[in-house]
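Reviewing the structure listed below.
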Amino acid sequence: MYNTPMTNEAEQEQTGLLGEVRISVLLPLPLAGPLDYLAPFPPPKPGSFVEVPLSGRKRIGVIWETGKKEMRGKILPLEKLKPIHSVIDVPPLTTVLRRFVDWVAGYNMASQGAVLRMILNTPEALGPPPVTIKYKKGMLEPDRMTAARSRVLDVLADGRAWHIKGLAKAAGVSDSVIRGLIKSGAVEGLEVPADAAYPAPDPFREGPVLTAEQKEAAAVLCKYVDQGGYQTILLEGVTGSGKTEVYFEAVARALRKPGAQVLVLLPEIALTTQWLERFKERFGVPPVEWHSGLRKSERRRAWRAALDGQARVVVGARSALFLPFPGLELIIADEEHDVSFKQEEGVLYHARDMAVVRASQTGIPLILASATPSLESLINCQRERYRHVRMKDRYGGARLPEIIAVDMRRDPLPAGSWLSPELAGAITQTLEAGHQTLLFLNRRGYAPLTLCRACGERLECPNCTAWLVEHRYQGRLMCHHCGYGMRIPDHCPECESEDSLTACGPGVERLAEEVKNRFPAARLRVMASDQMTTPAKAAAAIADIESGRVDIVIGTQIITKGYHFPNLTLVGIIDADLGLKGGDLRAIERTYQQLIQVSGRAGRAKHPGRVLIQTYFPDHPVMAAMISGDQDRFMQAEAEAREAASLPPYGKLVALILSSRNQPNLQEAGRMLGHKAPQSDGLLILGPAPAPLSQIRGRFRARFLIKTGANLSPQKLVRKWLKTVSLPSDVRVKIDIDPYSFL
Ligand code: ADP
Ligand code: ZN
Ligand code: ZN
């Protein structure tokens with residue numbers, strides 16, 4: 001056997017005298033790649049969770065197969081390696097999930113460790129599940145009997161185990177009576193898991209009777225679920241067509257497979273009480289929730305249940321895509337067009353796009369649902385990469401609302417007023433009919449700008465290139481970019497004139513003031529993130545609207561999504577032009593989607609709805625498409641415009657955002673990178689240019705935009721480019737693949 005040629009380094013090392021082998025461990029830290037450690041032979045399986053030493057601390061990592069050379073750290077000789085501390089006794093991370101981490105890291109140009117951190121963000125879930133002690137009847141007789149003691153034993157007679165407090169209460173005794181019984185062996189404690197198991201949803205429970213159109217759509221989804229294998233299906237259905245009920249059929253079908261897990265991704269999970277209720281109605285139990293609002297113990301429990309396979313259906317915000325499901329059989333991304341699927345901090349990624357990758361690597365179907373699909377998804381349908389399933393009718397004979405543009409050029413509003421006579425008239429009629437109105441204005445606070453009438457000073461954030469927004473309910477001026485805030489001053493900070501500060505433009509609070517003055521009897525509710533600070537507050541507000549305790553809702557975009565208020569018949573859009581102003585490549589598409597979504601809240605049940613759109617551009621393609629209802633034509637025109645400009649999805653974009661507290665260093669970094677910018681066919685590099693938000697949180701910012709043809713890999717190019725320069729150490733570079741924000 002000594003003659004056997006050694007085929008590779010690993011085998012050589014396995015025969016080492018120590019009986020220990022080299023393994024690579026990926027740690028959830030932004031390091032270059034996995035690090036090598038020693039493990040006893042035979043080594044634990046790849047994917048195992050292990051504890052290892054790093055800089056004098058114990059860290060939890062995952063055994064990773066050595067990746068590509070460039071992803072590896074320095075290769076140390078065997079004798080320099082430290083042994084692992086221990087292997088954690090939980091199921092290993094599946095191969096599919098490990099490849100997913102590698103892929104997400106490579107595509108989004110993040111380190112594998114930073115991506116692993118998105119999976120391993122709840123390390124306490126790897127510990128033993130917490131236990132609690134319950135008491136039952138013991139083997140021995142009590143040393144003496146009293147009336148109190150005998151009551152305790154009576155309660156325990158049926159063999160059930162109790163917590164001490166509950167037992168004491170049920171028997172009407174004090175804790176010390178029970179302790180006495182424990183001491184004498186007449187009552188004994190046993191350790192039981194502290195967390196009750198999540199009840200399993202019942203996939204055989206009967207759902208609602210589907211309409212012919214819904215049945216047809218559900219059949220397609222179920223076919224893909226039954227046959228298994230990767231396929232993305234775009235479920236496009238007008239608002240109120242019953243998309244949720246339809247994809248619930250696919251969920252039910254998936255759950256019939258043994259051990260199957262289903263993931264439903266929703267934007268802004270905190271506001272989905274209605275969705276949760278509907279799930280419960282359909283499957284008998286609530287789903288497992290995953291979002292930032294969970295308490296620590298809930299997170300631990302949900303994460304572990306995902307890993308153990310016990311969580312059958314998880315509904316969550318984008319981060320739920322990184323839960324360690326071993327048995328995933330179906331992913332659904334509802335409101336797939338929603339830009340909040342794009343994560344703008346830490347590892348930058350688009351959860352919908354990464355869901356496509358996870359589904360295809362896992363070999364399972366993915367359903368994207370929306371009334372207003374993204375252009376990206378529509379083009380993928382045209383190219384036959386995705387299946388397109390459509391529903392054109394609202395459920396239950398409800399008609400889509402009538403949409404009317406109110407031309408604001410004709411009669412301009414009086415100063416300080418935001419309701420046109422038409423809209424005010426419609427509100428009056430709606431109130432008289434006993435129906436509800438939703439007024440949509442996507443601006444938090446009272447006024448977006450405060451101006452000094454004496455000197456013209458505009459109050460700006462000291463840390464950002466941004467105006468301070470007045471929040472009158474709180475009596476503060478606030479920056480929406482960095483959270484800076486100050487009391488509303490009584491004189492101009494520049495010229496010191498008193499009473500010269502004026503609010504300019506409306507926010508929801510200011511609109512509420514006008515509505516209150518004009519409709520004093522109406523019950524009003526403002527819904528913006530400032531009011532809906534907890535899921536409970538949001539749930540209470542939704543319940544108030546549902547039960548008719550509110551006549552007029554004034555809301556930002558948080559009220560546009562998914563809600564079903566049967567008695568809501570009027571939607572007023574205060575400033576339809578607001579979204580068009582930013583001017584980024586998706587501004588038109590996004591404005592249209594948002595306006596259609598908010599319009600879709602009107603007339604969803606027996607009473608017909610109408611939507612009044614206040615606009616200075618009634619002929620704009622967005623308004624024209626809303627009025628005509630011809631979404632296909634609108635999106636086709638959008639597609640043509642993007643294609644002509646080689647913008648996504650016809651070309652690729654990457655943004656490089658440089659930032660520094662030191663402006664000369666930032667300029668120097670921009671100059672160096674600009675100087676080394678690669679040049680080739682099908683490649684265009686724009687910049688460096690000051691970012692529109694040229695300062696955030698005290699950091700100056702500059703941007704490059706890299707534009708390539710759809711068949712090039714901009715990642716490779718950017719990687720090479722960045723290696724050619726060594727930037728001042730205080731300059732941070734953020735790489736944004738497929739950017740959605742251009743600020
Ligand atoms: P969408 O998500 O397409 O806007 P929803 O799934 O919210 O539509 O459905 C709109 C309303 O119609 C909901 O209250 C839903 O429960 C109800 N609904 C849809 N389809 C059915 C059905 N087949 N039977 C009973 N109710 C339905
Ligand atoms: Zn700021
Ligand atoms: Zn002034």
Side-chain angles (χ1 to χ4, degrees), residues 206-218 235-249 251 264 266 272 274-275 277-282 332 334-337 367-373 389-398 400-401 450-469 476-486 489-502 546 560-568 596-606 609 693-699 701 743:
E206 210 152 327
V209 180
L210 299 183
T211 65
E213 191 184 52
Q214 290 175 336
K215 242 187 227 153
E216 213 172 297
L235 174 62
E236 175 180 357
V238 297
T239 53
S241 57
K243 293 182 288 294
T244 319
E245 306 295 346
V246 168
Y247 70 63
F248 277 171
E249 290 306 301
V251 173
V264 184
L266 292 177
T272 55
Q274 287 193 332
W275 193 96
E277 272 160 30
R278 278 167 71 180
F279 184 93
K280 194 163 168 213
E281 208 158 288
R282 179 67 180 78
I332 294 161
D334 201 351
E335 312 287 1
E336 68 91 26
H337 63 279
I367 299 169
L368 305 177
S370 176
T372 51
V389 175
R390 307 189 70 165
M391 296 196 292
K392 303 203 157 142
D393 298 325
R394 277 191 155 181
Y395 173 74
L400 282 167
T450 304
L451 184 86
C452 171
R453 261 178 291 124
C455 73
E457 167 78 358
R458 297 161 170 220
L459 298 192
E460 274 192 43
C461 174
N463 313 315
C464 309
T465 336
W467 294 333
L468 291 172
V469 178
R476 292 176 79 74
L477 296 174
M478 296 195 321
C479 172
H480 287 182
H481 296 282
C482 72
Y484 171 86
M486 63 187 276
D490 48 15
H491 60 269
C492 170
E494 192 61 26
C495 72
E496 311 217 320
S497 314
E498 283 191 25
D499 299 325
S500 66
L501 296 176
T502 327
E546 269 179 333
T560 59
K561 281 164 209 157
Y563 291 112
H564 184 74
F565 301 122
N567 205 31
L568 198 157
I596 289 287
Q597 293 290 343
V598 67
S599 302
R601 301 313 112 206
R604 288 167 71 93
K606 30 182 209 300
L693 265 169
S694 59
Q695 201 184 4
I696 299 185
R697 295 188 177 93
R699 298 182 73 85
R701 307 165 76 243
L743 293 177

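All residue numbers in this chain count up from 1 along the given sequence. Both ligands and their constituent atoms are indexed starting at 1 by order of listing.
Residue, atom and distance of the protein heavy atom nearest to atom 8 (O) of ligand 1 are Gly242 N, 3.0 Å. Of the protein's non-hydrogen atoms, the one nearest atom 16 (O) of ligand 1 is Glu245 OE2, 2.9 Å. For atom 2 (O) of ligand 1, the nearest non-hydrogen atom of the protein is Thr244 OG1, 3.4 Å. In this structure, atom 17 (C) of ligand 1 lies nearest to the protein heavy atom Tyr395 CD2, 3.9 Å.
When atom types are taken as modelled, the side chain of Thr465 and the backbone of Gln695 share a donor-acceptor pair closer than 3.5 angstrom. Not one N or O on the side chain of Arg282 forms a donor-acceptor pair closer than 3.5 Å with the backbone of Glu277. Between the side chain of Lys243 and the backbone N or O of Gly237 there is at least one donor-acceptor pair closer than 3.5 Å. Between the side chain of Glu236 and the backbone N or O of Pro373, no donor-acceptor pair lies under 3.5 Å. Within the 3.5 Å criterion, the main-chain N or O of Leu743 finds a donor-acceptor partner in the side chain of Arg701.
Under the 3.5 Å distance criterion, with hydrogens and angles disregarded, no donor-acceptor pair is assigned to the side chains of Gln214 and Glu249. At a cut-off of 3.5 Å, with distance as the only test, no side-chain donor of Thr239 or Arg604 sits close to an acceptor on the other residue.
Tyr563 has its ring centre no less than 6.0 Å from the ring centre of Trp275.
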Practice task
Would you please test Arg390 and Ser241 for side chain to side chain contact (heavy atoms under 4.5 Å, CB included) and show each step?
Solution key: CA-CA 10 Å; Arg390 307 189 70 165; Ser241 57; over 6 Å; no
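Ligand 1 has an N or O atom lying under 3.5 Å from an N or O atom of Gly240, backbone or side chain. Ligand 1 has no nitrogen or oxygen under 3.5 angstrom from a nitrogen or oxygen of Thr211. Considering backbone and side-chain N/O atoms, Pro208 never comes within less than 3.5 Å of an N/O atom of ligand 1.
A heavy-atom separation below 4.0 Å is found between Ser241 and ligand 1. Taking a 4.0 Å cut-off on heavy atoms, Val246 fails to register as neighbouring ligand 1.
The Zn ion (ligand 2) lies at 2.8 Å or more from every N, O or S atom belonging to His481. Not a single N/O/S atom of His480, whether from backbone or side chain, sits less than 2.8 Å from the Zn ion (ligand 2).
Considering each of Lys243, His564, Arg394, Lys215, the one bringing a non-hydrogen atom nearest atom 14 (O) of ligand 1 is His564.
Of the charged side-chain nitrogens involved, none lies within less than 4.0 Å of a carboxylate oxygen, so that Arg394 and Glu213 do not count as a salt-bridged pair.
Rounded to 10°, the angle formed at the Zn ion (ligand 2) by Cys482 SG and Cys461 SG is 100°. Here the Zn ion (ligand 3) is the vertex; the SG atom in Cys495 and the SG atom in Cys452 give an angle of 110° (to 10°).
Interface atoms of ligand 1 facing Val238, defined by a heavy-atom separation under 4.0 Å, are 3 (O).
Only side-chain heavy atoms of Arg278 come within less than 4.0 Å of ligand 1; its backbone N, CA, C and O stay farther off.
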